[in-house]
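Everything below concerns the one structure shown next.
Please read these numbers as outputs of a predicted model, since none were measured by experiment.
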Amino acid sequence: MSMRLYTILQFTEILGVYMIMTVLLPAFVLHGRIRERRFAQKFFICMLSGNFYIMNLVFLLQLLHISNRFTLVISTLVPALVLWQRWNHIGLVSFLRRLWHNLQRISEGKLGGKTVVFRTLDHLRHGVAAVGRGFLYSFKKRWLEWILVAGILALLAGFYGVQLLRGYGYTASDTPVHLYWINGMSKNNIFIDGVYPFGYHCVIYYLHTVFGIDSYVFMRIFSFVQTLMLHMVLLGFIRLCCRSRYIGYGIMGIYVIGNFLQPSTYLRFFAVLPQEYGMIFILPAIYFAFYFFQQRRLEVKKWLPPKESRFALVFFAMSFSMTLAVHFYDTMIAGLFCVGVAVGYLFWFLRKQYFWSVLLTGFISVMIAVLPMAAAYAMGTPLQGSLGWGMSVINGSGEKQDSADEEDVGNVVIYYDERGNQVAEPDAPEPSVTTGASEPAEGIRQKLEGVWDKLCSAINGAVLHEPLSWYYIVVLAAMELLFLLGTLFLVFRRPCYGAMLLSTGVFMVLMLILQTAKDLGLPELMDGSRCRIYFGYMLPVAFAFAADGVIRLLLWKKNWRKGRNFCSLVCVAASICLLWNGDYRKEPVENTTLVTNEAITCLTNIIREEKDFTWTICSANDETQMGLDHGYHYELITFLKDMELNHMEPGAEPLIRIPTDSVYVFIEKVPIDYTEHYSESGQPVSRQGAIRGLPRVGGIDMYKGENRWILMSRIYYWAQEFKKLYPYDVRTYCETDQFVCYKIKQNPYHLLNFAIDYGYNSRKIEE
């Protein structure tokens, strides 16, 4: 089986188990409670319920040190069955009575095994048929929307999914660290490197443990799963909030493949990172905030009990707490949007019927996320270093994070002249010579113009792909429309809809200020390279709301719904025509992986072919945690340093033993550029590299730039010499122009000595 086909099968398996546990199982349990709700709302409810339960279940069992496959399965199925029979009005006592009666009949021989199998299959057939009928009914009723959804999924697969087949390895240098944390949970050692938001790691650990899929496979493939979910949440949010049925599909098509945003706003979607997974929960929290004010207003107006509004607050609390449980940057963005909601719904928010409920819900949601981390900290677990770095960024004293999941672009502002040519910076305005009372006014005007220029420059340089002519003007126009339309709808007595538009407008302004904080002299609460990702993700919301508001304003009456839908369908057609022009489509991204395809292929084959814990891989750092459940790893730099120590002292007998039947050595004949380039990037291993001393740096820097070339050169010539010494024990397992893997077979009762004098030990070179 080819590696590409195997990757497709692995992705299908991972997507399937994720959707089963986070969407389908909650849908099965909650079916009786959510049967009459809109499809997108059902999706939000099930997705939030599944993720929330998994995260907090793993937190609880890990802190109690009893987490394993058995406890996870029992703690999932038993509550699910109990709630299912209760919420779907299925009598548990009568069900157990019938089950016991049938077991008695089987034991007495009155009921045959074939009959039991036939009845069970018949029940399953009826269940599957009912699901199929429901889907067919939904498809007939909304066939065009299903086709548009399939089109969006196809665009996502063509742009993001194809990367899984081009590069099998990790695309972020901190992925091995996250994998190390997840593998630590397999030993009931949560927060192995210190207290950190572990919600994302809980989900991966749960799926890995329950379904037996290797954790390193999740860290290779799960990026596309979470990217699909991220975009489906965005589409569902727009669909629920907008009154025009099809407006979201056109906006989503432009966002997915339109060439209007900086690549740095979406490049992280190719990597398996917590921040991007946490983004899934931002918009559901905001939707349920909108829904709360809408429903609570009706309840207050009609003197109804606060049933539906409390329902909205429950799912707001779930969603908001998961942003903090996964990544505090996601909480920051969700918090800014909540500030926008508070401003937009100010006339209701300050009333006691709303205020105390919202305040209490916010407090509970934060406490739910903080409680597991606080419990671990109280038990003596220190904080993880990244939390300290994050706090230093917020208070303005932190340096830039040195991590591959951090884009190196920074909060750069690029200036352009009237013809669109890039210049260093705009010409400074000549000092004014006015005197008297007009001087302060002129100074204020210049300051305001300077602030405006910086805000526009932030949109151009940090967010938009080609800041020429009309791009940033459209963004600013959409933001202004949100304020204008929101005010008009408030005046025309559509208060909830108008407040929603105002809330989004306020939020977009806050996002713009956050993106430009450093240039405005304000505290930089979030690094600009991270902020632009959220800014780009929220732009479709701003454009969809602005377009929907215009359509609704022009087609005001309720019975003109078909006209609004037709106008939104025209917007979809316009977006297709726009993207038909190749100039407005994204170019395929050649995302650099940090592990060669050959290394992943070899590792996969080794796991499938060898017995567990009978083999060792000697390679660079990324494979350290990959085969942890199956074999051992000897890190390349450790191997070379151990050999150096053996040869440093005169008279000392060099000795390195690796006590496994097989030893695999991964060597990059053309070392990859691991997160950074150097002047001779792309050069093959050579004796000039082997003769260089081992790099005197620590951590991941050992494998960056020229240092990686030195290490690979050394291990390559070690392997050539080792083959000469043991020609019958060493064979080539896999070799291409870029990579070679050697397999060394040992007699476990007579282990080979891997510490040889291959001519490039430091002491030998010095002599």
Side-chain angles (χ1 to χ4, degrees), residues 4-5 7-24 27 38-44 46-47 50-51 131-132 134-136 138-166 220-240 242 245-259 261 265-272 276-277 279-280 283-284 536-537 539-541 544 568-569 571-573 575-576 578-580 585-589 591:
R4 285 192 174 185
L5 178 58
T7 298
I8 293 173
L9 295 177
Q10 287 178 320
F11 166 75
T12 304
E13 181 183 22
I14 289 175
L15 178 63
V17 299
Y18 177 77
M19 294 300 292
I20 288 172
M21 299 311 302
T22 62
V23 178
L24 298 182
R38 299 174 62 182
F39 182 84
Q41 195 180 62
K42 291 179 184 178
F43 171 68
F44 276 10
C46 296
M47 183 270 296
N51 279 279
V131 173
F135 176 77
L136 287 176
S138 176
F139 184 80
K140 290 179 180 179
K141 189 177 180 180
R142 296 280 191 269
W143 64 271
L144 183 55
E145 287 192 80
W146 280 107
I147 291 174
L148 292 173
V149 169
I152 298 297
L153 293 175
L155 293 178
L156 288 168
F159 187 74
Y160 292 102
V162 72
Q163 178 61 31
L164 297 179
L165 306 180
R166 291 176 178 166
R220 289 199 306 110
I221 293 175
F222 198 71
S223 59
F224 186 43
V225 176
Q226 68 185 41
T227 298
L228 285 175
M229 187 64 69
L230 187 70
H231 287 79
M232 289 300 101
V233 165
L234 177 58
L235 178 61
F237 177 78
I238 295 174
R239 181 67 181 84
L240 286 168
C242 291
R245 180 176 296 175
Y246 305 108
I247 194 70
Y249 301 100
I251 298 294
M252 283 297 299
I254 294 174
Y255 177 64
V256 173
I257 63 168
N259 192 27
L261 298 176
T265 62
Y266 54 82
L267 282 180
R268 285 172 59 96
F269 293 161
F270 289 96
V272 182
E276 281 59 42
Y277 188 76
M279 290 172 66
I280 294 173
L283 291 179
Y537 183 65
L539 278 178
V541 175
S568 63
L569 192 59
C571 293
V572 175
S575 65
I576 294 174
L578 177 67
L579 297 174
W580 195 264
R585 292 201 304 269
K586 292 175 183 173
E587 295 292 333
V589 175
N591 207 13

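For the atom pair Ile14 CD1 and Phe224 CZ, the distance stands at 12.5 Å (nearest 0.5 Å). Rounding to the nearest 0.5 Å places OH of Tyr537 at 13.0 Å from OG1 of Thr265. Rounded to the nearest 0.5 Å, atoms CZ (Phe222) and CZ (Phe11) are 10.0 Å apart. Rounding to the nearest 0.5 Å gives a distance of 9.0 Å between CE of Met19 and CG of Leu228. Interatomic distance, SG of Cys46 versus CG of Asn51, reported as 11.5 Å (0.5 Å rounding). A distance of 8.0 Å separates CD of Glu276 from OG1 of Thr227, quoted to the nearest 0.5 Å.
Pairing each heavy atom of Arg220 with each of Leu164, the nearest pair is O-CD2, 3.7 Å. Of all heavy-atom pairs spanning Gly253 and Leu579, the tightest one is O-CD1, 3.5 Å. Of all heavy-atom pairs between Thr7 and Ile221, the closest is O-CD1, 4.1 Å. Nearest heavy-atom pair across Leu240 and Gln41 is CD2-N, 3.8 Å. Minimum heavy-atom separation, Ala544 to Cys242: O-SG, 3.9 Å.
Annotation: ring pair (Phe, Tyr, Trp, His ring centres under 6.0 Å) contacts of Tyr246 (sequence neighbours excluded): none. The side-chain hydrogen bond (donor to acceptor under 3.5 Å, both in side chains) check on Tyr255 picks up nothing, with sequence neighbours excluded.
With contacts defined as side-chain heavy-atom distances shorter than 4.5 Å, the pair Leu144/Leu569 qualifies. Taking the side chain as every heavy atom from C-beta outward, Met47 and Ile280 approach each other to under 4.5 Å. Counting only heavy atoms from C-beta outward, the side chains of Leu148 and Ile152 never approach each other to under 4.5 Å. With contacts defined as side-chain heavy-atom distances shorter than 4.5 Å, the pair Leu153/Met232 qualifies.
With Ile254 as the partner, the side-chain contact (heavy atoms from CB on, under 4.5 Å) test is satisfied by one option alone out of Pro540, Ser575, Cys571: Ser575. Among Gln226, Met229, Glu13, the one residue that satisfies the side-chain contact (heavy atoms from CB on, under 4.5 Å) test with Tyr18 is Met229.
Remark: the backbone N or O of Ile257 is not paired with any side-chain donor or acceptor of Arg585 at under 3.5 angstrom.
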Test Val233 against Phe44 for side chain to side chain contact (heavy atoms under 4.5 Å, CB included), laying out the working first.
CA-CA 8 Å; Val233 165; Phe44 276 10; 4.2 Å; yes
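Ring geometry, His231 versus Tyr160: the interplanar angle falls from 30° to 60°, so the pair is classed tilted. Between Phe159 and Phe270, the ring planes are tilted. Angles from 30° to 60° get that label.
For the pair Lys586 and Tyr266, the cation-pi criterion (under 6.0 Å, within 45° of the ring axis) is fulfilled.
Pairs passing the side chain to side chain donor-acceptor pair (under 3.5 Å) check and including a residue from residues 144-159, sequence neighbours excluded, read Ser138-Trp146, Arg142-Glu145, Glu145-Arg239, Glu145-Tyr249.
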